[in-house]
Amino acid sequence: KYRVPRIGFVNKMDRPGANFPRVLEMMRGKLSAIPVAVQLPLGSEENFRGVIDLIDQKAIVFREDTLGSDFEVEEIPEEYRQEAASYREKMLETIADMDDRLIETYVSGGEATREEIVRALRKGTIAIKFVPVLCGAAFKNKGIQQLLDAVISYLPSPMDIPPVHGT
């Protein structure tokens, strides 16, 4: 109604019953939104230890002893590579038409750069074409820094949106 750009954050990935794909389906069905996963959980419930960044294709593993404020960037574990590749392909397919260079790269089978992906995500988010979705566990500070970075990267500044007209 108010045309407010938004991003999604799937919280409590460390709790019993955490199901990231189900949340994406519920966003489609109940909210009529087009979710674009830009992260995947690295484990779930009591095994949740980080997130997989689909843009940089890296795993971000949070250190338990620092309550998530420190993390290490690693290669995606072997057991998650196929799922990450599938979700990355879906992400690129959804956002490709937002940027001419990205669609050329995607159609030609080339590898998209981080800048092209972020630019397309930002453009589509501001145009309210889709909703970038991240995940984490806020209580343990896992994924919060990445969420704040996403706010800066994908959501509009006051200069990016037109003024509101009152009646």
Please check if the side chain of [X] supplies one atom and the backbone of [Y] the other of a donor-acceptor pair under 3.5 Å.
{"X": "Lys123", "Y": "Met98", "result": "yes"}
{"X": "Arg28", "Y": "Ala33", "result": "no"}
{"X": "Ser86", "Y": "Gln82", "result": "no"}
{"X": "Asn11", "Y": "Ala138", "result": "yes"}
{"X": "Arg114", "Y": "Asp56", "result": "no"}
{"X": "Tyr80", "Y": "Gly43", "result": "yes"}

Between [X] and [Y], is there a side-chain N and carboxylate O pair less than 4.0 Å apart?
{"X": "Glu93", "Y": "Lys90", "value": "no"}
{"X": "Glu74", "Y": "Lys58", "value": "no"}
{"X": "Lys140", "Y": "Asp14", "value": "yes"}

Could you tell me if the side chain of [Y] sits less than 4.5 Å from the side chain of [X], heavy atoms only?
{"X": "Arg101", "Y": "Arg119", "value": "yes"}
{"X": "Gln146", "Y": "Asp53", "value": "no"}
{"X": "Ser153", "Y": "Leu121", "value": "no"}
{"X": "Ile117", "Y": "Val38", "value": "no"}
{"X": "Tyr87", "Y": "Leu24", "value": "yes"}

Exercise. Among pairs that include at least one residue of residues 31-50, which meet side-chain hydrogen bond (donor to acceptor under 3.5 Å, both in side chains), considering only residues two or more places apart or in two chains?
Worked result: none

Exercise. Can you list the other members of the hydrophobic cluster that holds Val107, where links are side-chain heavy atoms under 4.5 angstrom apart?
Worked result: Ile103

Do [X] and [Y] share a hydrophobic cluster (ILVMFWY, side-chain heavy atoms under 4.5 Å, transitive)?
{"X": "Val73", "Y": "Ile55", "answer": "yes"}
{"X": "Met26", "Y": "Val36", "answer": "no"}
{"X": "Met13", "Y": "Leu148", "answer": "yes"}
{"X": "Val61", "Y": "Phe20", "answer": "yes"}
{"X": "Val23", "Y": "Val131", "answer": "yes"}

List the atom of [X], the atom of [Y], and the distance in Å for their closest heavy-atom pair.
{"X": "Pro41", "Y": "Cys135", "result": "N-SG, 3.5 Å"}
{"X": "Phe130", "Y": "Gly124", "result": "CZ-CA, 3.4 Å"}
{"X": "Glu116", "Y": "Ala112", "result": "OE1-CA, 3.5 Å"}

Within this structure, what is the [atom1]-[atom2] distance for the pair [X] and [Y], rounded to the nearest 0.5 Å?
{"X": "Tyr154", "Y": "Ile7", "atom1": "OH", "atom2": "CD1", "answer": "8.5 Å"}
{"X": "Glu89", "Y": "Leu54", "atom1": "CD", "atom2": "CG", "answer": "11.5 Å"}
{"X": "Phe48", "Y": "Leu42", "atom1": "CZ", "atom2": "CG", "answer": "7.5 Å"}
{"X": "Ile144", "Y": "Asp149", "atom1": "CD1", "atom2": "CG", "answer": "11.0 Å"}
{"X": "Phe139", "Y": "Lys12", "atom1": "CZ", "atom2": "NZ", "answer": "10.0 Å"}
{"X": "Glu25", "Y": "Asn19", "atom1": "CD", "atom2": "CG", "answer": "10.0 Å"}

For this session: Apply the side chain to side chain contact (heavy atoms under 4.5 Å, CB included) test between Phe9 and each candidate in Val133, Leu134, Val151; give the one that qualifies.
Result: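 Among Val133, Leu134, Val151, the one that satisfies the side chain to side chain contact (heavy atoms under 4.5 Å, CB included) with Phe9 is Leu134.
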
Problem set entry | Residue Ile128 excluded, over 12 heavy atoms near CD1 under 6.0 Å |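 It does: Ile128 CD1 has more than 12 such atoms within range.
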
For this session: Measure the acute angle between the ring planes of Phe62 and Phe71, then classify it against the limits of 30° and 60° as parallel, tilted or perpendicular.
Result: perpendicular

